[in-house]
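Working notes, structure below.
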Amino acid sequence: MHLSKNDPEVASALNHELARQQDGLEMIPSENYVSEAVLEALGSIGTNKYSEGYPGVRYYGGCEWVDVIENLARDRAKALFGVTHANVQPASGCAANIATLFALLNPGDTLMGMNLFYGGHMTHGLPVNFSGRYYKSVQYTSTPDGYMDFDQMMALAREHKPKLIIVGATAYPRIIDWKKARVVADEVGAFLMADISHIAGLIVSGDHPSPVGIADVITTTTHKTLRGPRGAMILCNGNPSTPLKKVEVARENIPTLIDRAIIPGIQGGPHNHQTAAIAVALKEAAMPSFKEYGHQIVKNAKALSSRLVDRGFDLVTGGTDNHLMVVNLTNKGISGKQAEAALGRAGITVNKNTVPFEPRSPFDPSGIRLGTPALTSRGMKETEMEIVGELIARAITSWNDDAKLDEVESEVREMTEKFPIYKDINYEN
Ligand code: DSN
């Protein structure tokens with residue numbers, strides 16, 4: 001259609017990416033397949049409109065319909081997560097976290113978050129990230145067996161008195177105990193921020209406890225287990241005050257502080273096409289079938305992890321409670337980078353990942369991270385996960401044998417053909 005006629009190079013690259021997404025097993029735990037309805041909203045004319053501000057309080061005219069869209073997204077987010085305030089404008093997870101830090105801290109204040117190399121996130125205080133450069137960052141890690149270390153968190157909090165404690169992870173396979181984090185935050189009078197980006201969908205389905213009512217502010221991306229478009233939200237309780245009224249940095253003012261941190265703090269015009277797609281995804285997530293989806297993600301992750309353990313793989317914490325697992329490959333004599341490449345050749349997309357107390361470099365770490373949200377969206381269940389576990393084991397064992405990896409790849413292809421995605425999309429039509 002228009003794209004193939006006007007820009008065949010982009011159309012061709014998109015078609016190749018579509019084929020990659022169809023033919024392979026997508027096992028990066030932060031990725032997913034959105035619905036056609038979400039894609040349609042994301043590719044909509046919402047992108048044409050400037051609308052700095054919030055519904056009813058904009059700096060531009062002509063915002064009546066984008067107000068409707070943003071209100072739908074906000075109201076659906078509030079209902080789904082049980083909060084009274086939702087900001088749906090952050091362009092991404094990093095922006096949501098930057099905004100939260102900007103809202104609650106002054107440069108030089110102390111924050112505490114989980115070290116990226118133990119499963120945290122770079123915006124939780126990594127020294128080379130803005131969060132570690134403009135704030136004094138204290139980093140907690142994990143216990144020797146890979147669990148979030150709340151005793152260490154408490155000891156560090158008492159020593160450094162952070163103003164903000166961030167709890168959340170990108171490579172943590174277990175349930176997060178929000179209440180324990182609240183105890184630490186209360187001990188030192190810190191704000192508590194929960195970053196639920198990875199587990200938002202599991203919170204909606206009831207497969208992971210919610211931090212609502214425990215954390216002061218919650219950030220999440222919308223494109224991981226929540227299965228929406230790339231984007232993010234900030235959730236909290238309370239109501240924003242009237243524009244221009246001066247507010248102190250205090251718990252009761254968090255909604256106002258967050259809204260002002262997004263605009264004029266760190267962002268300009270909202271991405272209205274993205275907001276529309278978030279609204280659609282939130283409607284989908286409120287359906288009973290989404291609960292089944294969340295349950296199945298976890299069942300699949302448990303089935304896959306037990307098959308891997310049976311095949312002699314060493315999983316951080318020994319297994320999983322959620323959608324992902326981190327595999328320490330040291331006992332297999334292969335690095336995370338080599339495993340990522342071998343699995344990639346076999347049509348299984350994963351990412352190399354550090355393991356707790358990583359002895360190697362983050363650029364060639366000891367582990368890989370695997371997740372089941374995308375395969376579950378395709379309709380795969382425990383039976384398929386057992387086959388996937390075997391295919392992974394075979395690819396890792398034969399990591400330097402191209403012929404064997406090609407054999408695995410053809411079995412991957414046979415399997416993925418049975419679970420088609422986006423049957424009606426062809427960018428070169
Ligand atoms: N890039 C995300 C992930 O893969 O978990 C975190 O920002």
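For reference, positions follow the sequence shown, starting with 1. Just follow the structure's listing: the first ligand is 1, and inside any ligand the first atom is 1.
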Under 6.0 Å between ring centres, would you say that holds for Y118 and F357? yes
Please examine the side chains of F419 and L375, heavy atoms only from C-beta on, and report whether any two atoms are closer than 4.5 Å. no
Taking R20 first and then E26, would you say they form a salt bridge - that is, a charged N and a carboxylate O separated by under 4.0 Å? yes
Taking the cut-offs as 6.0 angstrom to the six-membered ring centre and 45 degrees off its axis, would you call R227 and F290 a cation-pi pair? no
Are R158 and E187 close enough for a salt bridge, meaning some N to O gap below 4.0 Å? yes
Pair R394 + E390, salt bridge at N-O below 4.0 Å: no
Check ligand 1 for close polar pairs with the protein: N or O on both sides, less than 3.5 Å.
from	atom 1	to	atom 2	distance (Å)
ligand 1	4 (O)	S30	OG	2.6
ligand 1	4 (O)	R369	NH2	2.8
ligand 1	5 (O)	H198	NE2	2.6
ligand 1	5 (O)	R369	NH1	2.9
ligand 1	7 (O)	H121	NE2	2.8

